[in-house]
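Everything below concerns the one structure shown next.
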Amino acid sequence: MAKTPTDSNTALKPEVAKPKLPPMFKVLLLNDDYTPMEFVVETIERFFNKSREQATQIMLKVHTEGAGVCGVYPQDIAETKMNQVLEHARQLQHPLQCVIEMT
Ligand code: TYC
């Protein structure tokens, strides 16, 4: 518990408030030659709450540059989103790959 000036026999160190932010993780999609563009756009809209326009921009970035960030989240949320994307792609037999990376 934090010491107060009324505690006896204590030398008080100045206490600086240090709010600890959780480490953040990027969720990235990777390009491949087989997953349909439309499926990628719908996946980004659905799991990353992006508009059609935003999702299309992200898909095109992945398609032309090899990878692109869909969102940045605390680790547990990033892992859940990655697994949701991988499971959704697996169900439709697309080879879409999704990874997370610490920021
Ligand atoms: N390159 C794919 C195609 O031409 C489209 C694609 C985009 C695939 C993004 C994966 O993460 C991806 N059909």
Side-chain angles (χ1 to χ4, degrees):
M1 199 203 284
K3 298 222 162 77
T4 69
T6 55
D7 288 341
S8 60
N9 199 23
T10 54
L12 288 178
K13 249 195 335 213
E15 282 183 24
V16 181
K18 251 208 201 143
K20 261 271 175 0
L21 297 171
M24 298 296 274
F25 287 72
K26 293 182 277 192
V27 181
L28 297 112
L29 287 182
L30 307 183
N31 191 35
D32 66 70
D33 292 338
Y34 305 102
T35 305
M37 290 184 175
E38 178 59 25
F39 177 82
V40 177
V41 171
E42 284 171 2
T43 298
I44 297 168
E45 287 182 286
R46 174 161 166 184
F47 294 108
F48 300 97
N49 309 310
K50 302 296 187 194
S51 68
R52 187 87 189 161
E53 293 70 29
Q54 291 172 316
T56 302
Q57 287 305 308
I58 294 168
M59 182 281 293
L60 287 173
K61 184 178 173 74
V62 178
H63 178 69
T64 56
E65 297 180 21
V69 178
C70 296
V72 181
Y73 310 93
Q75 185 167 14
D76 53 346
I77 297 173
E79 284 173 351
T80 298
K81 291 197 180 281
M82 174 186 73
N83 288 326
Q84 287 172 332
V85 168
L86 290 172
E87 178 57 19
H88 182 53
R90 195 193 63 77
Q91 278 173 5
L92 284 125
Q93 298 186 293
H94 296 310
L96 180 63
Q97 288 301 303
C98 184
V99 297
I100 64 173
E101 204 175 79
M102 201 193 265
T103 56

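Worth knowing before you read on, the calculation uses all heavy atoms, side chains too, and leaves out hydrogens, waters and symmetry mates. Note that the structure is predicted; figures quoted are calculated from it, not measured.
Rounding to the nearest 0.5 Å places SG of C70 at 4.5 Å from CD1 of I44. In this structure, NE2 in H63 is found 12.0 Å from OG1 in T35, a value given to the nearest 0.5 Å. Taking CE of M59 as the reference point, atom CD of E38 lies at 8.5 Å (rounded to 0.5 Å). Distance CD1/I77 to CE/M82: 14.0 Å, rounded to 0.5 Å. Rounded to the nearest 0.5 Å, atoms CG (D32) and CG (L30) are 8.5 Å apart. Considering NZ of K50 and OG1 of T56, their distance stands at 13.0 Å, rounded to 0.5 Å.
S51 and E45 get closest at one heavy-atom pair: O-CG, 4.0 Å.
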Could you go through the side-chain contact (heavy atoms from CB on, under 4.5 Å) check for E42 and R52 one step at a time? CA-CA 8 Å; E42 284 171 2; R52 187 87 189 161; 4.0 Å; yes

Taking it one step at a time, do L86 and Q97 satisfy side-chain contact (heavy atoms from CB on, under 4.5 Å)? CA-CA 7 Å; L86 290 172; Q97 288 301 303; 4.3 Å; yes

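If you chain together hydrophobic residues whose side chains sit under 4.5 Å apart, Y34 and L96 never meet in one group. I100 and V62 end up in the same hydrophobic cluster when Ile, Leu, Val, Met, Phe, Trp and Tyr side chains are linked at under 4.5 Å. Two different hydrophobic clusters hold V41 and L28 under the rule that ILVMFWY side chains link at heavy-atom gaps under 4.5 Å. Both L29 and L92 are assigned to one and the same hydrophobic cluster, defined by single-linkage of ILVMFWY side chains at heavy-atom distances under 4.5 Å. V72 and F25 are not part of a single hydrophobic cluster, where members link through side-chain heavy atoms under 4.5 Å apart.
When side chains are defined from C-beta on, H88 counts as touching F39, because their heavy atoms get closer than 4.5 Å. At a threshold of 4.5 Å between non-hydrogen side-chain atoms, the residues V85 and F48 count as touching. Inter-residue side-chain proximity for P22 and Q75 is flagged as unmet; no heavy-atom pair is nearer than 4.5 Å.
Within 6.0 Å of the NZ atom in K61, the count of heavy atoms belonging to other residues, nucleotides or ligands does not exceed 12.
Of the possible donor and acceptor atoms, one in the side chain of T103 sits under 3.5 Å from a partner among the backbone N and O of M24.
Residues Q91 and E87 have side chains that bring a donor and an acceptor to within less than 3.5 angstrom of each other.
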